[in-house]
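Report on the following structure.
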Amino acid sequence: MADMGTEEPAQSAWSRVDTSVPHSARVWNYWLGGKDNFPADRELGDKVYEVYPDIVRVARAQREFLVRAITYLAGEAGIRQFLDIGTGLPTADNTHEVAQRIAPDSRIVYVDNDPLVLVHARALLTSAPGGATTYVDADVRDPEKILAGAAEILDFNEPVALVMFGIVGNVADNDEASSIVTRLLDAVRPGSYLALNDGTHGEDVDKAIEITQADGHPYNLRTPEQVTSFFDGLAVVEPGVVSTPLWRPPAGSAPEPLFIYGGVGRKP
């Protein structure tokens, strides 16, 4: 099946992009060394970097964790369907690229509510022959809309991997965040997986969050225990819920922990 686009034309979505104020997806793109950012994004990114230089390592560690997790899911776990919520701007080694290198028939649904992501979605989130990719414009707080859009391309009678990297921190209340994850897990069949990570508290990272909040971009850090709680009821894949650089690192590497925790769990 070929790629599927979104209903809103990319040109219309671009009209909703305000480049004069920073946006979290574009700031993250800047930390990753991408080109899809503007002076306002770089200014905020530099402010955060001044108090928390490890933010660049965190951004890259999350991308590297995504690659390792998707490699595991598409390879050893045999998953062929992925629901990636909080996609962000496309960079190298997006979910569909990693999955379809292993299994070209993989089907991927990306979810975000950033108009700039929508602009890029049609052009860059293309599929391998035999597989499919599409994009759903929805907020993480609206799981029903996410599931309805994903059902147009994913078969929920078959296992699905829910991919939620750096997204639940957009939900302030921990109970609400847990409820969203639970609702999504309830919609997928046994044998499905959750791959999730998010930022955790630390002195410098807490200072960085104060800066982003002052710029109108609040993010809600959690404790490692709270991140672990999102996996309640799942069979957590070894090595468990850990600082993400420590999750199945490449052989011969010596990663150092960062204030970002995550893991992969299977729905029994």
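Keep in mind that the numbers below use all heavy atoms, side chains included, and drop hydrogens, waters and symmetry copies. Quick caveat, the model's predicted, so the values are computed rather than measured.
The residues K267 and D186 are annotated as not salt-bridged, no charged nitrogen and carboxylate oxygen being separated by less than 4.0 angstrom. Residues D105 and R80 are paired through a salt bridge, judged by an N-O separation under 4.0 Å between the basic side chain and the carboxylate. Salt bridge present: D54 and R57 bring a charged side-chain N and a carboxylate O closer than 4.0 Å.
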Practice problem: Show your working on side chain to side chain contact (heavy atoms under 4.5 Å, CB included) between W31 and R60 and close with a plain yes or no. | Solution: CA-CA 8 Å; W31 289 327; R60 294 174 181 173; over 6 Å; no
Practice problem: Dump the intermediate steps for side chain to side chain contact (heavy atoms under 4.5 Å, CB included) on T200 and I260, then the final yes or no. | Solution: CA-CA 5 Å; T200 55; I260 182 169; 5.7 Å; no
Practice problem: Might you work through the side chain to side chain contact (heavy atoms under 4.5 Å, CB included) test for V181 and L194, ending with a clear yes or no? | Solution: CA-CA 9 Å; V181 174; L194 172 67; 3.9 Å; yes
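Residues V58 and L89 fall into different hydrophobic clusters, defined by Ile, Leu, Val, Met, Phe, Trp and Tyr side chains chained together at heavy-atom separations under 4.5 Å. When hydrophobic clusters are built by joining Ile, Leu, Val, Met, Phe, Trp and Tyr residues whose side-chain heavy atoms come closer than 4.5 Å, directly or via intermediates, L221 is grouped together with L44. By the rule that hydrophobic residues join a cluster once side-chain heavy atoms approach within less than 4.5 Å of another member, V67 and V237 end up as members of one cluster. Taking hydrophobic clusters as Ile, Leu, Val, Met, Phe, Trp and Tyr residues chained together by side-chain heavy-atom distances below 4.5 Å, I85 shares a cluster with L234. Under a hydrophobic clustering in which Ile, Leu, Val, Met, Phe, Trp and Tyr are joined whenever their side-chain heavy atoms come within less than 4.5 Å, directly or via other members, V168 and V136 fall into the same cluster.
Remark: of the listed residues R248, R68, R266, R248 is the sole one forming a salt bridge (Lys or Arg N to Asp or Glu O under 4.0 Å) with E76. When each of V56, I55, V27, D204 is paired with V48, the side chain to side chain contact (heavy atoms under 4.5 Å, CB included) condition holds for I55 and for no other. When each of N197, D198, L184, V111 is checked for a side chain to side chain contact (heavy atoms under 4.5 Å, CB included) with M164, only L184 meets the rule.
Closest of all the heavy-atom pairs between A195 and L73 is CB-CD1, 4.3 Å. Across all their heavy atoms, V21 and R26 have their closest contact at O-NH2, 2.6 Å. Minimum interatomic distance between S229 and S178 (heavy atoms only, all atoms of both residues): OG-OG, 4.5 Å. Across all their heavy atoms, P245 and A61 have their closest contact at CG-CB, 4.0 Å. V236 and G240 make their closest contact through CG1-CA, 3.5 Å (heavy atoms, listed as atom of the first residue, atom of the second, distance). Nearest heavy-atom pair, A40 versus S20, reported as atom, atom and distance to 0.1 Å: CB-O, 3.5 Å.
For CZ of F156, the number of neighbouring non-hydrogen atoms (other residues, nucleotides, ligands) closer than 6.0 Å is greater than 12.
When side chains are defined from C-beta on, V241 counts as touching V227, because their heavy atoms get closer than 4.5 Å. At least one side-chain heavy atom of V163 sits less than 4.5 Å from a side-chain heavy atom of I70. The closest side-chain heavy-atom distance from I146 to L83 is below 4.5 Å. The shortest distance between side-chain heavy atoms of Y261 and T244 does not fall below 4.5 Å. Between N157 and R189, the closest side-chain pair of non-hydrogen atoms is not below 4.5 Å. Contact of the E144 side chain with the R183 side chain is registered, since non-hydrogen atoms from C-beta on lie closer than 4.5 Å. No side-chain heavy atom of V171 sits under 4.5 Å from any side-chain heavy atom of N220. Contact check for Y193 versus Y72: side-chain heavy atoms found under the 4.5 Å cut-off.
When atom types are taken as modelled, the side chain of Q100 and the backbone of S106 share a donor-acceptor pair closer than 3.5 angstrom. Side-chain N or O atoms of D112 include one that pairs as donor or acceptor with a backbone N or O of G88 at under 3.5 Å. Between the side chain of D41 and the main chain of F38, a donor-acceptor pair closer than 3.5 Å is present. Checking side-chain atoms of E97 against main-chain N and O of N94 turns up a donor-acceptor pair under 3.5 Å. Side chain of E158 to main chain of D155: no donor-acceptor pair is present (N/O by atom type, distance under 3.5 Å, no hydrogens or angles). T223 places a side-chain N or O within 3.5 Å of a backbone atom of Q226 that can act as its donor or acceptor partner. Under a 3.5 Å cut-off, the side chain of N170 and the backbone N or O of I167 do form a donor-acceptor pair. Within the 3.5 Å criterion, the main-chain N or O of P249 finds no donor-acceptor partner in the side chain of S253. At least one donor-acceptor pair under 3.5 Å links the side chain of Y110 to the backbone N or O of T95. When atom types are taken as modelled, the side chain of D139 and the backbone of D142 share no donor-acceptor pair closer than 3.5 angstrom.
Contacts of F65 classified as ring pair (Phe, Tyr, Trp, His ring centres under 6.0 Å), with partners at least two apart in sequence or in another chain: F165, W247.
Atom CD of residue Q62 and atom CG of residue L32 lie 8.5 Å apart, to the nearest 0.5 angstrom. Interatomic distance, L185 CG to S192 OG, rounded to the nearest 0.5 Å: 8.5 Å. Atom CG of D84 and atom OH of Y135 lie 11.0 Å apart (nearest 0.5 Å). If you take CD1 on I102 and OG1 on T71, they are separated by 4.5 Å, rounding to the nearest 0.5 Å. Here the straight-line distance linking atom CD of Q81 with atom CG of L154 works out to 5.0 Å at 0.5 Å rounding.
Using modelled atom types, one finds a donor on one side chain and an acceptor on the other under 3.5 Å when comparing N174 with R222. Looking only at atom types and distance, the side chain of Y30 has no donor-acceptor partner in the side chain of D36 under 3.5 Å away.
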Only distances under 3.5 Å count here; give the side-chain donor-acceptor pairs of residues 207-215 to other protein atoms, sequence neighbours excluded, each with its distance to 0.1 Å.
| residue | atom | partner | partner atom | Å |
| --- | --- | --- | --- | --- |
| T212 | OG1 | I209 | O | 2.9 |
| T212 | OG1 | H217 | O | 3.2 |

